[in-house]
Participant: 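Shown below is the structure under consideration.
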Amino acid sequence: MTDAVKTYTKKDFTSDQAVRWCPGCGDYAILAQTQKVFPDLGVDKENFVFISGIGCSSRFPYYMDTYGFHTIHGRASAIASGVKLANPDLSVWVVTGDGDGLSIGGNHTIHLLRRNLDINVMLFNNRIYGLTKGQYSPTSEVGKITKSTPMGSLDTPFNPLTLALGAGATFVSRTIDKQTKHMQAMIMRSHGHKGTSFMEIYQNCNIFNDGAFAQLTDKETKSDTVLLLENGEPMLFGAEKQKGVRLDGNTPIVVEIGDKWGVDDVLVHDESDYVIASLLSNMTYQPDFPDPIGVLYAIEAETYEDRMVAQIDLAIEKKPSGSIQDILNSGDTWVVD
Amino acid sequence: MTDAVKTYTKKDFTSDQAVRWCPGCGDYAILAQTQKVFPDLGVDKENFVFISGIGCSSRFPYYMDTYGFHTIHGRASAIASGVKLANPDLSVWVVTGDGDGLSIGGNHTIHLLRRNLDINVMLFNNRIYGLTKGQYSPTSEVGKITKSTPMGSLDTPFNPLTLALGAGATFVSRTIDKQTKHMQAMIMRSHGHKGTSFMEIYQNCNIFNDGAFAQLTDKETKSDTVLLLENGEPMLFGAEKQKGVRLDGNTPIVVEIGDKWGVDDVLVHDESDYVIASLLSNMTYQPDFPDPIGVLYAIEAETYEDRMVAQIDLAIEKKPSGSIQDILNSGDTWVVD
Amino acid sequence: MSKTTKQVDEVVIRFAGDSGDGMQLTGGRFTETTAIVGNDLSTLPDFPAEIRAPAGSLAGVSAFQIKFSSKDIHTPGDKPDVLVAMNPAALKVHQKDIAPGGIIICNANAFTPKNLKFAGYETNPIEDKTLDDYYTLYSVEMGKMVALANEDLGLPPKTIERTKNFFALGLLFWIYDRPMEQTQDWLKVKFAKKPDIIEANIRAMDAGYNYGDTTEIFTTRYTVDKANLPSGEYRNVVGNHALSMGLAAAAERSKIGLFYGGYPITPASDILHTLSAWKHLGIKTFQAEDEIAGVTAAIGASFTGNLGVTATSGPGIALKCEAMGLAVIAELPLVVINVQRGGPSTGLPTKTEQSDLMQAMYGRNGEAPMPVLASSTPGDCFYVAYEACRIAVKYMTPVMLLTDGYLANGSEPWQLPKLEELPDFNVTFADESNLADGQFLAYARDEKTMARPWAIPGTKNLEHRIGGIEKEDLTGNVSYDPDNHHYMVETRAKKVDSIANEFGPTEVFGNPSGDVLILSWGGTKGACRSACEFLQADGKKVSHVHLRWINPLPKDLGEILIKFKHVLIPEINFGQLIKIIRSEFLVDAKGLNLVRGKPISSSDIQESVNALIG
Amino acid sequence: MSKTTKQVDEVVIRFAGDSGDGMQLTGGRFTETTAIVGNDLSTLPDFPAEIRAPAGSLAGVSAFQIKFSSKDIHTPGDKPDVLVAMNPAALKVHQKDIAPGGIIICNANAFTPKNLKFAGYETNPIEDKTLDDYYTLYSVEMGKMVALANEDLGLPPKTIERTKNFFALGLLFWIYDRPMEQTQDWLKVKFAKKPDIIEANIRAMDAGYNYGDTTEIFTTRYTVDKANLPSGEYRNVVGNHALSMGLAAAAERSKIGLFYGGYPITPASDILHTLSAWKHLGIKTFQAEDEIAGVTAAIGASFTGNLGVTATSGPGIALKCEAMGLAVIAELPLVVINVQRGGPSTGLPTKTEQSDLMQAMYGRNGEAPMPVLASSTPGDCFYVAYEACRIAVKYMTPVMLLTDGYLANGSEPWQLPKLEELPDFNVTFADESNLADGQFLAYARDEKTMARPWAIPGTKNLEHRIGGIEKEDLTGNVSYDPDNHHYMVETRAKKVDSIANEFGPTEVFGNPSGDVLILSWGGTKGACRSACEFLQADGKKVSHVHLRWINPLPKDLGEILIKFKHVLIPEINFGQLIKIIRSEFLVDAKGLNLVRGKPISSSDIQESVNALIG
Ligand SMILES: Cc1ncc(C[n+]2csc(CCOP(=O)(O)OP(=O)(O)O)c2C)c(N)n1
Ligand SMILES: Cc1ncc(C[n+]2csc(CCOP(=O)(O)OP(=O)(O)O)c2C)c(N)n1
Ligand code: SF4
Ligand code: SF4
Ligand SMILES: [Mg+2]
Ligand SMILES: [Mg+2]
């Protein structure tokens, strides 16, 4: 980290491995945006590390020309924690899926969020298990018919952002594979956040769950179904921004801007407000509400690794000798001649 | 479940095994209250099952004269799910600790909550690992000095109730080992809830974390530090109920009842309101707020096992033959003579 | 034009193409028809690990091999006689396996410059004559022909292009003289709501058939007579499906509920899929959050009186090991199925291997013996599954059942079993009659089987507690007593060993003594048997023993082994069964160990035997 | 009154009492002092699994055994000469182990009707004379005496009562003629903020000492001369502590960071505790959410250029198996420590066992060979830990290091090692000089060690990707090629095997040929060695070989084994090393297998040897 940062192009982040997702998979767009934004992050490329678990999404590291480790199912966050703690100067990225990060890996995800290491999590949510060919996932809607649920799934899905908030996340955001510019902005924001950033990316699996987010990406519907969040701005949506979200007591409602309600009656987004974040995250999967995208929640908090480094520094300051030989020789000793 | 339910006494729920917790441990009180309440639950005792993981708390099943299984570390919720699905008529109880249920077993806990099986979880939170002799746990406060953190722990703890809410819990409550009557009521409420009930029990480990909840149990302080929740009642606390919690915008504040604020200005508890529940759960560990106890959240929702049974019934209705022989013989077959 | 018809004993065909070309389906249809015409057969699908690697790439090639015969056969064949290559990548990957003088049928329309480059060809192999010295090459414009055949349907060109696999199928049906009715019927059911698609595929298939019949390119047809199978009613069966049926049969015969707790993983997922479709049998399937939850939920269900079953592959087994130890000490029935795949770690997830045997035997902490058995053919999966369930319940023990990717996806003709002819499987749960002086002894044992009573929640007066800490003999209470521990460790081991008392005498294929005994377990059985047949036909003193049970081993195995000068153990691993055999019997067995993600071939085994005695 | 002084060669004392009685502490203080007076010694703590079972219960008994001697000794002793029993339960549990004619010292005040009943005594054993035929019983009112000694301190009676262990300690100090200064100093540091407590304990200890000196009850004192240890500076060391120091020494010598990822579990937790106190050495410890996160975080740290280490016990190893497979295929250094305890499942968590050897060897899916080595004494834990680290890095491989509950908590006098005298441990990370034609080959290998380069994030121009799917030779890219897979499986195995090239010739204790070779691994070394010494002294042709490395085995082992008529392998399991030895060398080795949660005794081994040759 001595030299000045180089100027990179997208090509610098493109590895020599052939990309092996299905044609039309939403993963391509995410890869492209990442490769586009990374030159601008101001980090020497040898300092980027991508860690993933197993799943279609988890193939991601192979295609980024950075350091990368495609590990085992569900453990990306734990491995990334080891990477970050071993060298806190690295920019560490976790790529995971709704199965990898929320099913088998759910525990590591919530513990990472609680610990708040400065790691950027990109969770590709296609609401299905892609790599294993189409079983339902913990984000699949109730009643979903899949290979493993021929009569429909029985379990209420997680709402990933609500879960992340419940776990103590300091940064929670969402974007959509087709919203390329927005995704670039979200990647930037994740990078900028000091602490764990949790970014959910709605990703279309056109083979096993095609159209899962069609309502949010189709030209005709998307302005009515997506709520684009901007910090400090009122929560308006609709083609003409003619609709808004407001609070009726503790309950959010959708209102039409017009005679009864003006823009001033609409809730203003505040990224630092837990209640707003949790209201917003709960709007997900609700038929009468738009799905919010953007940064739902962002607060500052000390990171685990900063505390760790401070402790080690303090310990060294107090006991500078720093050789195990002193410990070897300590305690009651005696000499045999 | 054919006969009428018998009349039981506490003794009927006391097994012949010597109780092996440290003298003074909060676990004794929890055991006593459970044994006291169980005769009144209206369930034949052979239909109770206790499942636990590993930890001091997880020894609980040995002392209840019901069916019981002391399993492996962290997996109680998963094992209990199998029990409940195998026989939905049983009354299934999980006993777990802050380590067992939130550290190694965190994932099973959140998935159980999301699925909403009718299982009652009792999480003994002593904010320490008792059985392994005193390492910090995921609910230990930052900076805690323990065997494994001689300079203080680094990670922000989970707030178990916030996590449970984030995972989609339909019932969330809290009680304290020393509040025996309240605990009895909470056990009753857990039992009454159809769906997963999550009950956090503050439990003193007088060997490795003595006094963790002293503020909430000491005569002098407890009225100022504990907020007893009653559905439909204003949130008042203090020796004379002279203090209340009210909302300032989205932010809860503590107010003195008097000239400026009356009882009517105080927030009224509504067990079905997610925002209130999440505000309350976030009050935990906050120096300026009382810790709420009682039922924070309770909503009705279909259980996983009801949906499962309905699906099986429907399948049988559609295809009543019900022998694998039909499947064996299906497909293109031919005869060799 | 006149066409000759040649009669042959057996044929090996490999269909290969891009993942998007429908090769598995084509192979599957050819297999069903071949089964119905009465040949014996064996199949081997071979998928890429990617869902869909880039179209035309080497990584994206998917293949399906079938061997069919008028004789009794045991393997899907070593070297294909016919390769159907739907694109250059398929040709590139599979060409080297083709038997010299074999036939290659290519879809010429796919040999575009782009695809050729993608496959790494500098010149076009179907034009540059490089193949002609070794193979008979048929270059067929399948794409063009299906387009012509379906011109008037008004379907999008892409959709029509996709029917080219049915063209290939039709052509093969013609060459090997097989009927098309079953496939037509199947199409009608499969695409019931899309008559266009039915029509397009049928036309494509007809076009392929007619192409063979009409053009002058193919001059020879082959017939393969019916195999001489034992009389009875048959179907074709795939391993994972047979295994699922075996589990369901066990549940039905034992009248206890079947609870399946699992987490998807290749190549075991189809067991979950299959069982979850059988809700009308009352089977409960639970897709858990991970493998640990899958197996522990199954343990919970077993504690409650269901038969808990879980299936996974190697990495998933690694995660389940701690829980299996719990089932061992709790002495609860449980069936753990490992559909083995290439390791270590993620390894080669879609390829076959036998490298988890030692993990099955010893992968748990402490002395935690588990019975281990393995399936030998796709159809055998049914019987071993039934057997695993029966033993688990009878002896109150977790059982490990090993299959592998090849068995799981491969198929063979299979005589329909009759439920009532399967071994007895009666279950009695404990009840108040188990009380001794009013006390329930959860670890009292059955005299014969050493099994403890199965007392399930909901049973009056049998309330009791069990757990993972060492249990006191009889009561099952927690006990730290040193002698009790030694006794319980010994007892659990003895219980597993005693299962061998059930086994009949071990079958030796061939003479009971001789120069070489080929000893096998699992999916290599077929290759070993066919190698043995060849060698015996060749006058060699070679016999074959196949082990269904690896733990316990049959009691008479030691006596059998010492009657041979050499013992050869072929395994798709680096030597695992061989460790057990050498240790147990102190015989200097030799291994044949090929770890290439695919079945060991009969010829490899013949070579090894010849090397030993040569 | 005159007292006689007897000189003896060795003494075994066992302190036993309720968990609340401070027996571990008492034993620990006696040990430290015994070390300082220059005896050789060996200790064996024995905890209950409960934190604190009900006071006075059998389950709550905690014990600490020490053997000390003027000779070189190897075990904490078979049968105690002296039992200190602080309550009836302690007497009940331990009495049967006492050597006939041994001494029992009881705290008479604890033999209350309630405690007697709790321990299952119908009459009071210190009064009913039942013990007198076999032992010399001293019934001492320790409770009363410490109360008297501390009367005037104004401390609560309960607090004073708790000093009775120091009374017992003082008495033992008198009997065995040991100084009290070190203990007085230790008390002053330990309770620096509580002068009352210091005073009360010192008075209690004095009272015990004086009780021995003054009363007429004890007539004999014993002296044990200094042992003839090699010259040098010594300390007493406990296994887990020595192991932690070995890891830290490895980090210091190699100059790479040490990252410890772990999750508490008995008896491994102390490694986490110890390392986490050494932040001033720059050591990073991470208490993870579970064992899987512990090992995977360690793997992440190794990928980043730290030495990743994780320690646990059997059930935790079961959970780490999948991740170890990843480290095998990723070829990253990693040290996995298993402090074995009684299994299966939760088993006997505070007791010792050697039953995870097979899990260490084979507990992973696929062919995933790992070097496996084991510690033989508490002090040896230091050297094996250093060795495990060195090998992990040198060969870029995960290494499994086995210790056990007995080694972990036991102690022995230990010559202080000098850092600079440890084997070389130099690490070179890859850098741009590793580029070949501008390309970085992540799986190119060192010619000698077969290790791949360690290229860590942050290194310019070495950006590369690795993972758990089979890797292509040289590039490390994903490869599904069958021949590459076979080659890589073979290469990983060869790399591990090649470690044996480093080993010197195997040391045979005794003649290089004879009637019986005792072969051991792990913590049974001491018992085997001392049995061997006895037998040799008895004129028997018995030798002993101890294995530090189980995988790979020393290359010369086969030749050694065949020089003996019998090979005996004592193990605290049901026969694990013996399986490997029989399979590898086809020798008819016999096992001595006692699974009682405690060390095998030297006399058990002698008996077995005698039975073999008798
Ligand atoms: C231990 C283990 N269990 C199961 C699997 C099989 N597996 C691979 S990926 C996957 C789920 C993939 O879903 P997701 O994480 O949503 O990723 P996607 O493919 O949808 O991007 C599963 C179950 C495995 N590789 N390892
Ligand atoms: C797989 C496994 N890992 C670790 C342990 C060791 N262990 C037993 S209990 C426990 C934590 C206990 O803490 P908690 O759940 O809070 O229970 P408490 O003792 O405080 O009631 C641990 C780490 C174990 N038994 N098994
Ligand atoms: S299966 Fe779905 S998620 Fe996976 S690569 Fe194909 S389209 Fe993408
Ligand atoms: S260690 Fe703590 S939690 Fe465990 S039994 Fe003792 S007091 Fe209770
Ligand atoms: Mg997904
Ligand atoms: Mg706890």
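Chain letters run A, B, ... following the sequence lines, proteins first and then strands; every chain starts at 1.
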Participant: Need one label for Leu117(A): side chain, backbone, both or neither, based on atoms under 4.5 Å from any heavy atom in chain B.
Facilitator: neither
Participant: So which part of Pro157(B) gets closer than 4.5 Å to some heavy atom of chain A, the side chain, the backbone, both or neither?
Facilitator: backbone
Participant: Taking side chain as everything from C-beta outward and backbone as N, CA, C, O, which of these in Asn116(A) sits under 4.5 Å from a heavy atom of chain B? Side chain, backbone, both or neither.
Facilitator: neither
Participant: Taking Gly105(A), Gly166(A), Ser281(A), Ala164(A) one by one, which has the highest count of heavy-atom pairs under 4.5 Å against chain B?
Facilitator: Gly166(A)
Participant: With a 4.5 Å heavy-atom cut-off (strictly below), which parts of residues 137-149 of chain A touch chain B? List them by number.
Facilitator: Pro138(A), Val142(A)
Participant: Return the option, out of Leu113(A), Thr109(A), Leu154(A), Leu163(A), with the maximum number of heavy-atom pairs under 4.5 Å with chain B.
Facilitator: Leu154(A)
Participant: Can you tell me which of Ala167(B), Ala301(B), Gly168(B), Gly249(B) forms the most heavy-atom pairs within a distance under 4.5 Å of chain A?
Facilitator: Ala167(B)
Participant: Taking all heavy atoms of Asn107(B) and all of Ile104(A), pick out the closest pair and write down the distance.
Facilitator: ND2-O, 3.6 Å
Participant: Within the distance-only criterion (no hydrogens, no angle test), does the side chain of His111(A) pair as donor or acceptor with the backbone N or O of Leu102(B) below 3.5 angstrom?
Facilitator: yes
Participant: Treating Arg114(A) as the side-chain partner and Thr156(B) as the backbone partner, does any N or O pair qualify as donor plus acceptor under 3.5 Å?
Facilitator: yes
Participant: So which residues of residues 303-317 of chain A are in contact with chain B at a heavy-atom cut-off of under 4.5 Å?
Facilitator: Tyr304(A), Arg307(A), Met308(A), Gln311(A), Leu314(A), Ala315(A)
Participant: Measuring from atom CG of Asn282(B) to atom OG of Ser278(A), what distance do you get when rounded to the nearest 0.5 angstrom?
Facilitator: 8.5 Å
Participant: Is it true that atom CD of Glu300(A) has more than 12 heavy atoms of other residues, nucleotides or ligands lying nearer than 6.0 Å?
Facilitator: no
Participant: Do Tyr274(A) and Thr162(B) have side chains that get closer than 4.5 Å, going by heavy atoms?
Facilitator: yes
Participant: Over all heavy atoms of both residues, which pair between Asn250(A) and Val275(B) is shortest? Give the atoms and the distance, please.
Facilitator: O-CG2, 3.5 Å
